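Here's the structure, in structure tokens; my notes come after.
First the proteins, then the strands, lettered A, B, ... as listed; each starts at 1. The shown structure was predicted, so the numbers you read here are calculated from the model rather than taken from an experiment. Computed from heavy atoms alone, side chains included, the values below leave out hydrogens, waters and symmetry copies.
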Protein chains: 2
Amino acid sequence: MKGKLITRNTDYAVRALCFMAINGKEIISVDKLVKELKIPRPFLRKIMQALNKKGILQSYKGQGGGFTLSVPAEKIFLTDLITTFQGPLKLNECIFKKNICHNVNNCSLKNKIDTLEKYIISQLKSISVASLSEENNKILKKEGIPL
Amino acid sequence: MKGKLITRNTDYAVRALCFMAINGKEIISVDKLVKELKIPRPFLRKIMQALNKKGILQSYKGQGGGFTLSVPAEKIFLTDLITTFQGPLKLNECIFKKNICHNVNNCSLKNKIDTLEKYIISQLKSISVASLSEENNKILKKEGIPL
DNA sequence: TTTTAATGATACCTTATTTGTATCATTTTG
DNA sequence: CAAAATGATACAAATAAGGTATCATTAAAA
Ligand code: SF4
Ligand code: SF4
């Protein structure tokens, strides 16, 4: 299956935000993140700019500039990232208009997928950057891998 | 979001199979389905051929030919259709190799998505063509819409 | 036995989305 | 003013989705 739930920019964003969460309120530049995480620089820049526009990051221009989290990591959820990059979370775009598919309003396929979708969204909403970074942190410490 | 759970060929397949389920063991040609369901003919042909190869349909060549279900509608599940057209159901393709992303084996993002994925698959496995066609049938009857 | 109406196989095409790259303007610090 | 950062934006390549076209094969029916 190619239609992924988590696309690459969301994944990159998670990694970047986790790194920032660990480093407290320090201003982090894209340059730093690129060296740390090995993500294509122009792509990561675009990602950070999008997160800034969305209000998740605070940007600082000029020399010594970069980004900080403008929302505590506990309050940044996977849904926020996914919607930033992929638009509204809809897994079940109904493809027909009423005149072609007469049962758009009570199709049981649609109903079932809609129900599943609601559950998926609720799950994604419950996953915060903080929880991701904490867990990874623990694991890495346990393995003695330096951050 | 564009990364859909149900793509168009799966949706078309559901509609075609539901129609066939209603019509019992009758051999149905693509031509008939096209007229009935208003799906682009060559595309539906490709879909039916794929379902035939997968063993879900039985094909009959020559004049008067077409397809029948080779599996009872109760035993055709959404997962079967999705995997036929979209390959293995993987919502969380991990994008890095171990040497880049050192925690592929215990990344909590991956873990959480994996868990969610298992739930989604189990749900999709529980939805059969029979259940879809029955429910739609009921609704259509209740509304007095002729099949 | 020839015609006709169906599927089998397969190659191609078009569009949309994903995954980037490149450039120049703007801002801030030293 | 120069250097080092982001802002904005246009462009480009790779992949996937959605769809078309063609010819070969098969089987019923005239
Ligand atoms: S079949 Fe159901 S899901 Fe598909 S287009 Fe019609 S109403 Fe929507
Ligand atoms: S961050 Fe987690 S999900 Fe993303 S590539 Fe690394 S291991 Fe996989």
* To do: Specify the separation, in whole Å, of atom CD of A/Gln49 and atom P of C/dA25.
  => 16 Å

* Presence of salt bridge, A/Lys35 and A/Asp31, under 4.0 angstrom -> yes

* Would you kindly give the CG-to-P distance between B/Leu5 and D/dA17, to the nearest whole Å? => 13 Å

* Asked: If an axis is fit to five pairs at each end of the helix from C/dT1-D/dA30 to C/dG30-D/dC1, what is the angle between the two, to the nearest 10°?
  -> 10°

Which side-chain N or O atoms in residues 68-82 of chain A pair as donor and acceptor under 3.5 Å with protein atoms at least two apart or in another chain?
from: A/Ser70; atom 1: OG; to: A/Gly55; atom 2: O; distance (Å): 2.5
from: A/Ser70; atom 1: OG; to: A/Ile56; atom 2: O; distance (Å): 3.1
from: A/Asp80; atom 1: OD2; to: A/Phe77; atom 2: N; distance (Å): 2.8

* Structure fact -> Sorted by chain and residue number, the side-chain hydrogen bond (donor to acceptor under 3.5 Å, both in side chains) partners of B/Lys32 (sequence neighbours excluded) come out as none

* Structure fact -> In 5'-to-3' order, the base (B), backbone-only (S) or no-contact (-) status of each nucleotide in nucleotides 18-30 of chain D, using a 4.0 angstrom heavy-atom cut-off, is SBB-B--BBBBS-

* To do: Please report, rounded to the nearest Å, how far the P atom of C/dT19 is from the CZ atom of A/Phe85.
  => 11 Å

* To do: Look at B/Asn52 and C/dG8 and indicate whether a side-chain polar atom (N or O) is within less than 4.0 Å of OP1 or OP2.
  => yes

* Asked: Given atom CD of B/Gln58 and atom C1' of C/dG8, what is their separation to the nearest angstrom?
  -> 14 Å

* Not counting sequence neighbours, which residues clear side chain to side chain contact (heavy atoms under 4.5 Å, CB included) with A/Pro40? List them please. => A/Tyr12, A/Phe43

* To do: Go through the structure and list residues passing side-chain hydrogen bond (donor to acceptor under 3.5 Å, both in side chains) with B/Thr84, not counting sequence neighbours.
  => none

* To do: Name all residues meeting the side-chain hydrogen bond (donor to acceptor under 3.5 Å, both in side chains) criterion together with A/Asn52; count only those two or more places apart in sequence or in a different chain, and write none if there are none.
  => none

* Just jot down the side-chain hydrogen bond (donor to acceptor under 3.5 Å, both in side chains) partners of A/Gln63, sequence neighbours excluded, or say none. => none

* Nearest whole angstrom, please: distance from the P of D/dA4 to the CD1 of A/Ile28. => 18 Å

* **pair A/Asp11-A/Arg15: side-chain heavy atoms closer than 4.5 Å** => yes

* Would you kindly give the CG-to-C1' distance between A/Leu51 and D/dA8, to the nearest whole Å? => 16 Å

* **Short side-chain N/O contact to C/dT7 OP1/OP2 from B/Ser29, under 4.0 Å** => no

* **side chain to side chain contact (heavy atoms under 4.5 Å, CB included) against B/Val30, all qualifying residues, sequence neighbours excluded** => B/Val34, B/Arg41, B/Leu44, B/Arg45, B/Met48, B/Phe67

* Nearest-Å distance, NZ (B/Lys53) to C1' (C/dT7)? -> 12 Å

* Protein-nucleotide distance (B/Ile82, atom CD1; D/dA17, atom P), rounded to Å -> 13 Å

